[in-house]
Enquirer: 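I have a structure here, written as structure tokens, and I will follow up with some questions on it.
In what follows, chains are A, B, ... by sequence order, proteins preceding strands, each numbered from 1. Quick caveat: nothing in here was measured; it's all calculated off a predicted structure.
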Amino acid sequence: MTEPSAADMGRAIADLFAAMGITHVISVPDSTIGPWHAALDAHPSLRLVRVCREGEAWAVAGGLHLGGARPLVLIQCTGLFESGDSLRNIVHDWKLPIFSVIGYRSYLNQSTLPGDTCLVFTEPVLSAWQIDWKLVTDTADYGEIRTHYERCRAAGIAGGIVVAEGRA
Amino acid sequence: MSARMPLRETLEVLRAERRSGDVVITSMGSAREWMAIGPLDPLDFVFVPSSMGEAVPLGLGMALAQPTRRVIACSGDGSLLMNLGSLVTIASEAPENLVVLIFANGVYEVTGAQPIPGRDVDFATMARASGIGSVFRFSDIAAWTVGARTALGERGPLCIVLDVAPVPDAVGPRSPGPTLARAAAFAAALQQR
Ligand SMILES: Cc1ncc(C[n+]2csc(CCOP(=O)(O)OP(=O)(O)O)c2C)c(N)n1
């Protein structure tokens, strides 16, 4: 089966997030999720908030959540590593159930970055931060994002979907 | 460095100028003094515990979610240095209802007043260079007392740098209560007009 184009993928993701009731997507791009930005930005019921670093993303999402919006944090696993203290504060100190979609660099392909240490640290770091996360390795399974989001929302907990990425 | 204002009096001016319905987020030294001045308003978000540098992004999120409310986010200069890009994010998102107050005391006060890196860092110029259109700086309490209303009334995103004196022997702010209950009460207050 051929993979959908990045533009088609972006539109599908934007429609999916909108159908989930998401109002704001707070993001720093990578080479997989970055190409989705244009569609997220163009979607009439979503607002893409481009932040400069991922630490900001959790706090912006926290403020949005307190204000009654439904934010989603969209970052790469590198951004997860970068933003730990902010995540800790928003998700654990303040117990705000922020949902995230996190790109898993080099999971499908290590040709650009052989031995990429993202493969060593992503899963233990997610678990250390006590995020209820699920890995999705196939774009055909992206519907799992909604299922997991709804489960976490009903439970009032922070959840995450980790999407396997190819070439960095 | 020019003259510096007493932190508590600087915040007392903010209290006097705060309109009903305004959100005020305080952190670090500003949170300690804000709580010491008097009782809290339901729309005060005392960001304790916090993550350093995140009071301003937190305020951005609130401002985006509640566009008809004025959101005033207070940050220490040390915290802002840890998240300077947040000024650029704010300029880019351009929320008209967001006010950033930077308390420039030149030190990490709550950890024992160690100097921040840099000498006389010009936060007002940094805010302007980040694309924030309305920027003010006050170093004199009489000028702040007289000018606060006009400055705070400017269309956001708005940044006001307040040169304040370090408080001698200051300690960190104490949490005013369990976070879960405070977050819930604050979120409920935000939903009321
Ligand atoms: C990431 C991180 N590094 C270091 C600290 C320790 N720390 C707590 S408060 C603080 C200083 C805050 O300074 P500033 O924002 O200028 O506020 P002030 O204390 O002057 O009011 C530091 C360094 C921390 N909480 N988080």
Enquirer: Determine, using the 4.5 Å side-chain heavy-atom cutoff (strictly less than), whether I75(A) and I131(A) are members of one ILVMFWY cluster.
Expert: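 Per the 4.5 Å side-chain linkage, I75(A) and I131(A) are co-clustered.
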Enquirer: Quick one: pull up CG in L64(B) and OG1 in T23(A) and give me the separation to the nearest 0.5 Å.
Expert: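 The distance works out to 9.5 Å.
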Enquirer: As an exercise, state the distance from CG of D93(A) to CG of L180(B), rounded to the nearest 0.5 Å.
Expert: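 Nearest 0.5 Å value for the CG-CG distance: 12.0 Å.
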Enquirer: Looking at chain A, which one of G59(B), P49(B), A187(B) has the largest number of heavy-atom pairs inside 4.5 Å, strictly under?
Expert: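 Highest number of heavy-atom pairs under 4.5 Å: P49(B).
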Enquirer: Is it the side chain or the backbone of L58(B) that comes within 4.5 Å of chain A heavy atoms, both, or neither?
Expert: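 It is both, since atoms from each part get that close.
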Enquirer: What part of F45(B) gets closer than 4.5 Å to chain A, counting heavy atoms only: side chain, backbone, both or neither?
Expert: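 Only the side chain of F45(B) comes within 4.5 Å of chain A.
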Enquirer: Between D85(A) and S51(B), is there a side-chain donor-acceptor contact under 3.5 Å, judged purely by atom types and distance?
Expert: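 Present: a donor and an acceptor within the cut-off.
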Enquirer: Assess whether atom OH of Y107(A) is packed by more than 12 heavy atoms of other residues, nucleotides or ligands within 6.0 Å.
Expert: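 Check fails, neighbour count at 12 or below.
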Enquirer: With chain A as the partner, which of E93(B), M62(B), Q66(B) has the greatest number of non-hydrogen pairs under 4.5 Å?
Expert: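 Most pairs with chain A among the choices: E93(B).
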Enquirer: With a 4.5 angstrom heavy-atom cut-off, could you sort out which part of E54(B) is near chain A: side chain, backbone, both or neither?
Expert: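 Backbone plus side chain of E54(B), per the 4.5 Å heavy-atom cut-off to chain A.
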Enquirer: Treating Ile, Leu, Val, Met, Phe, Trp and Tyr as nodes and any side-chain heavy-atom pair under 4.5 angstrom as an edge, say whether V88(B) and L84(B) lie in one connected cluster.
Expert: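 No.
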Enquirer: Is chain B contacted by the side chain of H65(A), its backbone, both, or neither, given a heavy-atom distance below 4.5 Å?
Expert: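 Nothing of H65(A), per the 4.5 Å heavy-atom cut-off to chain B.
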Enquirer: Picking from P71(A), G62(A), G67(A), A69(A), which has the most non-hydrogen pairs under 4.5 angstrom with chain B?
Expert: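 When all of P71(A), G62(A), G67(A), A69(A) are compared, G67(A) has the most.
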Enquirer: For atom CZ of R174(B), is the number of surrounding heavy atoms from other residues, nucleotides or ligands below 6.0 Å larger than 12?
Expert: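 Not buried by this count: 12 neighbours or fewer within 6.0 Å.
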Enquirer: Measuring heavy-atom distances to chain B, does I90(A) have an atom under 4.5 Å in its side chain, in its backbone, in both, or in neither?
Expert: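 For I90(A), side-chain heavy atoms alone lie under 4.5 Å from chain B.
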Enquirer: What is the minimum heavy-atom distance between A65(B) and G63(A), and which atoms define it?
Expert: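 Scanning both residues completely, I find the closest heavy atoms to be CB-O, 4.4 Å.
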Enquirer: I'd like to know whether CZ of R151(A) has more than 12 heavy-atom contacts from other residues, nucleotides or ligands below 6.0 angstrom.
Expert: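 Above 12, so yes.
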Enquirer: About how many Å separate CG of L66(A) and CZ of R182(B), when rounded to the nearest 0.5 Å?
Expert: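 If I round to the nearest 0.5 Å, the distance is 11.0 Å.
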Enquirer: Give me the contact list for residues 46-59 of chain A versus chain B, heavy atoms only, anything under 4.5 Å, ordered by residue number.
Expert: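 So the qualifying residues are R47(A), L48(A), V49(A), R50(A), V51(A), C52(A), R53(A), G55(A), E56(A), A59(A).
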Enquirer: L40(A) and L16(A): same hydrophobic cluster, using ILVMFWY side-chain contacts below 4.5 Å?
Expert: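 L40(A) clusters together with L16(A).
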Enquirer: Hydrophobic clusters here meaning ILVMFWY residues chained together by side-chain heavy-atom distances under 4.5 Å, can you tell me if V162(A) and V101(A) are in one?
Expert: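 No, it is not one cluster - the side chains of V162(A) and V101(A) are not joined through contacts under 4.5 Å.
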Enquirer: Among L190(B), T89(B), I90(B), which residue has the highest count of heavy-atom pairs closer than 4.5 Å to chain A?
Expert: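 Result: the option with the highest number of such pairs is T89(B).
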Enquirer: Shortest non-hydrogen contact from V48(B) to W94(A)?
Expert: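 Nearest pair, atom of V48(B) first, then W94(A): O-CZ2, 3.7 Å.
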Enquirer: Where is the tightest heavy-atom contact between L96(A) and A183(B), given as atom of each residue plus distance?
Expert: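 In terms of heavy atoms, the two residues are closest at CD2-CB, 4.3 Å.
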Enquirer: Does one hydrophobic cluster hold both V135(B) and L162(B), with members joined at side-chain heavy-atom distances below 4.5 Å?
Expert: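 Cluster IDs for V135(B) and L162(B) differ.
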